[in-house]
Amino acid sequence: MANQLFVEIILPLALPGTFTYHISEQEKSQLQIGQRVSVPFGSKKLYTGIIHSFHQNKPELYKTKGIDSILDDYPLVTKFQIQFWEWMADYYMCTLGDVFRNAFPTALKWESETFIRLNDAINENYDELSEDEQILINSLGNKGLISINEASAIVNQKLVIKIVKSLWEKGWIRLDEVLKEKYSPKIERFVKVISELKSDGKKFNEAINSLKNAAKQREILLQLIVEETQSSKPIKISKFLKSFGGTHAVLNSMASKGILEIYELNTSRIGEIDNTQYEISSLTLEQEKALKIIENDFSNNKPVLLYGITSSGKTEVYIKLIEQKLKENKTVLFLLPEISLTSQMVLRIRKHFGETVGIYHSKFNQNERVELWEKTLKGDYKIIIGARSALFLPFQKLGLIIVDEEHESAYKQTDSKPFFHARDMALVLGNLFKLKVLLGSATPSLESFYNSKENKYGYAELLNRFGESKLPKIELIDLRKAMNQKEITGDISHKLRDEIQDVLNEGKQVIIFQNRRGFAPVVECMSCGHSPYCPNCDVPLTFHKFSNQIKCHYCGHSQAKPSKCSNCQSLELTTKGIGTEQIELQLNTIFPKARIARMDVDAMRRKNAYEKTIEAFENQEIDILVGTQMLAKGLDFSNVALVGVVRADSLLNFPDFRAHEKAFQLLTQVSGRAGRREEQGKVLIQTYNPDHQVLQNVTTYDYLKTVNEILYERKSFLYPPYVRLIQLTFKHIKKEKVDKVSGEFVKLMKNFLDEKHLLGPEEPSIGRIRNQFIRKVLIKIPENQSAKHIKQLVQKSLDSINTVQVYRSVRIDVDVDPH
DNA sequence: AGCACGCCGACT
DNA sequence: GTCGGCGTGCTC
C-alpha cells in the first residue's frame, strides 16, 4: 500500500505551528502550497487554512482528520508570503496563525461562524442554480441571516462551503461584515453639460435660444463650458455655485431642460476620473544628486534613507525611481501611514501613473480588499499604495518598496498580534527577496538615521525647499513669564492672542494645536481635593463640557458630571488642566467674531465630520481650527499663516524614552502646516520650558543636532538603537496574580540578564485598564548577545510559567521592538 | 484563541 | 430546583 499522504495547514489560531491533516491521492493532485482549504478543527468548527507543505510522516500522538474541501483551484498565497509569515512569527514571538489571521483578508477566511445573507439586488437566474443552492437561497430568504454552521444543517453538510462559495461568486449572497463599516464613502454632487451640446453646434444654438429669457442660466451654461474646456476635472456643484453665484434651483431647472446633467460621485474616486496627468518637472540638481546616491546604494543592495525637509521635492525623486522599476517590469509598493493616504502625494502619484495604481486603505470594506488581493495576485497593478497592511498583499515581481514618513509610529501595529513595524518589515522583505527599499522622511527616526550613519543604509538628502517658499519662523513663548507679568488670558498668552488677531485681520487662517482632548483632564473638589476616577481604569475621568459628561479615554466609560463631590459632598467642584474643548471656548471668548472649529476624535465622531471640517477649512469657512495630533499630519492648507501650540510641555514630559524624538517630530510637522506657499508663515509655541533643548532645536530646524543629542541619551541609558527591546505586558483582574506571575517571570530571566538589561516588573502610570491590572517588564537585549537567543530564553521562561495551572489565566503580551 | 466540560453561587 | 460565572484542558 502506498504511503499515506499528509498536509501541514496554517490555521488562524493562536497556537504554535501548523496542523496535520491527511489527504487522498486525488486531493493531492489538486493541491498546491498556498492553496486555500477548509478543515474541521476541534469539536465542530470549520476553519479556512492555507496549505503549508506536504509530507508522508504519520503523526503518532494524535489521529489526523481529513480536509473538508478545497476552496480554489489555484494558490491565493505565494510561497514568498508563507516564508515572510514564518519569519514574522519567529521575530515577533507570535504564532504563524496570528500572522495568517492578520495578513489574509477576512472575507476569504470563512469559518463556521461566518454569517451570510442574501444580496439585495439579485438579477441572476434562479433556475440556473443547483438544487442545493436553491434550497440555501430559499432558507436565506426566510431567515435573512444565517451562519455557515447553520447552513450545514440545511444542505449537504460536506458541500456547504462549496455551495456558499459558489453562491458568493455568483453574487447571490454576501458575507455579513462582522466589523461594522465605520466608513461611508463621501458622495458629492457634480454637474456637467450634456455632451451633445458641446459637439453639436445646432443643439448648442437651440439651447442658447431656449434660454433667451433666462440670463442667469445662459451665463451658467457658458461658464460651465469654459470650465470644462479648461480642465477635465469633474465640477463640484457646491464649489461652482460658490465661486460663480447661482442657486441649486437654477441648476435643477437646467437639468430638467436636458441641458445639464447632475450626477453623484464617490469623492475617493475622483482621482480616477480626473485623467489629467501629473507631470513632474525636471529634477533640480539636488534631486539629481540624491537620485544618483540612491541608485548607487541600491546597486550595492543597501536600503537608503532619504532625508528631505518639507517641500523639498521627495515626490519627484520617488516618481523617478518608480518609473525606473516599471521599466524593468517590476512592481512597486509605496507605503504611507494611514492618515496620509489622502494626501497630495498620493493624488500626484495616482495621477502620474494612472490606472496601474492600486490603493489599499484600512477603510476599504472586505469586498474591496478581496478585489485588491486578487488583482495583485494576477499582477494587474504595477504600483500599490497602501498603509501598513498592504505589506501582506501577494505581490508579483515586486522590485521596490518606498516607505514614506518612515518615522511615523502609525507604522507599528499595536492593537492586535503580530505587533509588527511596517518599516522594519519592508526592510525584511527587501532582505529576504532582494528588493530595493527606500525610507523617506523630513524627520527620520533615530533608528534609521543611526543605521545610515553606521553605513547599514545608504543616505541621501534634500535640504532645499522647492521654489521660493521659506520655512515658517518658529518662536517660543515663555508661559511662566507671561503668567508673572499677567500677560495671559486663560491659556492664551497675549502675544499669541495679538498674532492671531493680526492674521485674522489679513483674512488668513490659524491652526491651534493642543494635544489633549476634552475640556479639562480633571474635575477636582475644592474642599477635599478628590477627583472622580474611572471605575475600570486607574485614571481620573476627563471632563467634556459639551456633553456635560466625564469620560475615560482608555475604556470609554462615561457618566454625567457629578454636581457634588462623591467624597465630601461639597458642591464646589473645579476643573484643572486644559483640553481642546476648553481652548475652543477660550478662543471663542477672545475672538467672538471668528469662525472657530475643533478637530479631535470627539468632534469627528459624526459621519464624514472629518472630511467636512477639512473641506470647510480649505474653503476658508473656518478661521481658526483647534485640534489634536489629528491635524498635524498629511494636510496641506495654503492659507494658514499661523500655527499656535498651546502647551508643548505635555509632549516633552511623556513617560516614554521616545518622548523627545516624538516631540521634535510632531512640532516640526505641526510647524510645517504654516505658510506653505509664497508667504512665510509663523509658528508660536507656548511652553513653561523655553530653554528645553528640544524646543530650542525645533525653532532652528536643527534635526541633526537633535538627533545627535538624543542618540547620546539613548546610548547612556541603553535604549534603541543601541539595544533592542522586548516588552512584556502582564494583565489580570486580580492584582496578586499579575504581581506573582510577572515577578516569577523576572526571577527566571534574572538567570540570564543583569539588572541593567532587565527592568521591572513595573506598575505602569496607568496601572489598571478595563478592570485589568497591568505590569510591565522590559528586556534590553545586550549588544553582545543575539536577539534570537534572548527570545528563546524568554519563550522558555514563558513556557515554564505556563506549566503552572494557576498562572495560565494571566494574559501575557510580548512586544518585540515596542513603541 | 475558541470551545466544552464541570464545578460553585444567586436567582425565577 | 436552573442559569451562568470562570477555571481547566484540548484542539491536527
Check your understanding: Reading DNA chain C 5' to 3', which nucleotide is the first, and which the last, to come under 4.0 Å of any heavy atom in chain A?
Key ->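 Listing 5' to 3', DNA chain C meets chain A from C:dT8 to C:dC12.
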
Practice item. Would you indicate what A:Ile9 reaches in the nucleic acid, counting non-hydrogen atoms under 4.0 angstrom: base, sugar-phosphate, or nothing? Key: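 It contacts nothing in the nucleic acid.
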
Point to revise | Closest contact, heavy atoms only, A:Glu406 versus A:Ser445 | key: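 Smallest interatomic distance, heavy atoms only, reads OE2-N, 2.7 Å.
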
Which protein N or O atoms sit under 3.5 Å from an N or O of nucleotides 7-9 of chain B?
none

Check your understanding: Hey, can you pull the residues of residues 50-64 of chain A with a non-hydrogen atom under 4.0 angstrom from DNA chain C?
Key ->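 Within residues 50-64 of chain A, the residues near DNA chain C are A:Tyr62, A:Lys63, A:Thr64.
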
Check your understanding: Are A:His732 and A:Gln772 linked by a side-chain donor-acceptor pair shorter than 3.5 Å?
Key ->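 Distance-only check fails for A:His732 and A:Gln772.
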
Review point. Any chance the side chains of A:Ser166 and A:Glu133 put a donor and an acceptor closer than 3.5 Å?
Key: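 On atom types as modelled, these side chains qualify, holding a pair under 3.5 Å.
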
Review point. Any cation-pi pair here, A:Lys740 with A:Phe730, using under 6.0 Å and within 45°?
Key: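 Pair A:Lys740/A:Phe730 does not count as cation-pi.
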
Check your understanding: Hey, does the Lys NZ or Arg CZ of A:Lys28 hover above the aromatic six-ring of A:Phe54, less than 6.0 Å from the centre and inside 45° of the axis?
Key ->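 The answer is yes; both the distance and angle limits are met.
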
Review point. Quick one: are A:Leu129 and A:Lys170 in side-chain contact, heavy atoms under 4.5 Å?
Key: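 Heavy-atom side-chain distance check passes, below 4.5 Å.
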
**Study point:** Minimum side-chain heavy-atom gap A:Trp85-A:Phe392 below 4.5 Å
**Key:**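 Yes, close enough: below the 4.5 Å cut-off.
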
Review point. Are the side chain of A:Gln792 and the backbone of A:Ala787 linked by a donor-acceptor contact shorter than 3.5 Å?
Key: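 No; judged by distance alone, with no hydrogens or angles, the pair does not exist.
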
**Study point:** Interatomic distance, A:Lys417 NZ vs B:dA1 C1' [rounded to whole Å]
**Key:**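 Taking NZ of A:Lys417 and C1' of B:dA1, I get 9 Å after rounding.
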
Check your understanding: Between atom CG in A:Leu13 and atom P in B:dC3, what is the gap in whole Å?
Key ->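 The answer, rounded to whole Å, is 11 Å.
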
Point to revise | Centroid separation A:Tyr62 to A:Phe19 less than 6.0 Å | key: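 For A:Tyr62 and A:Phe19, the ring centres are not under 6.0 Å apart.
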
Check your understanding: Only one of A:Gln727, A:Lys412, A:Lys776, A:Lys417 clears side chain to side chain donor-acceptor pair (under 3.5 Å) with A:Asp815; which?
Key ->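 Going through the options one by one, the only one that passes is A:Lys412.
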
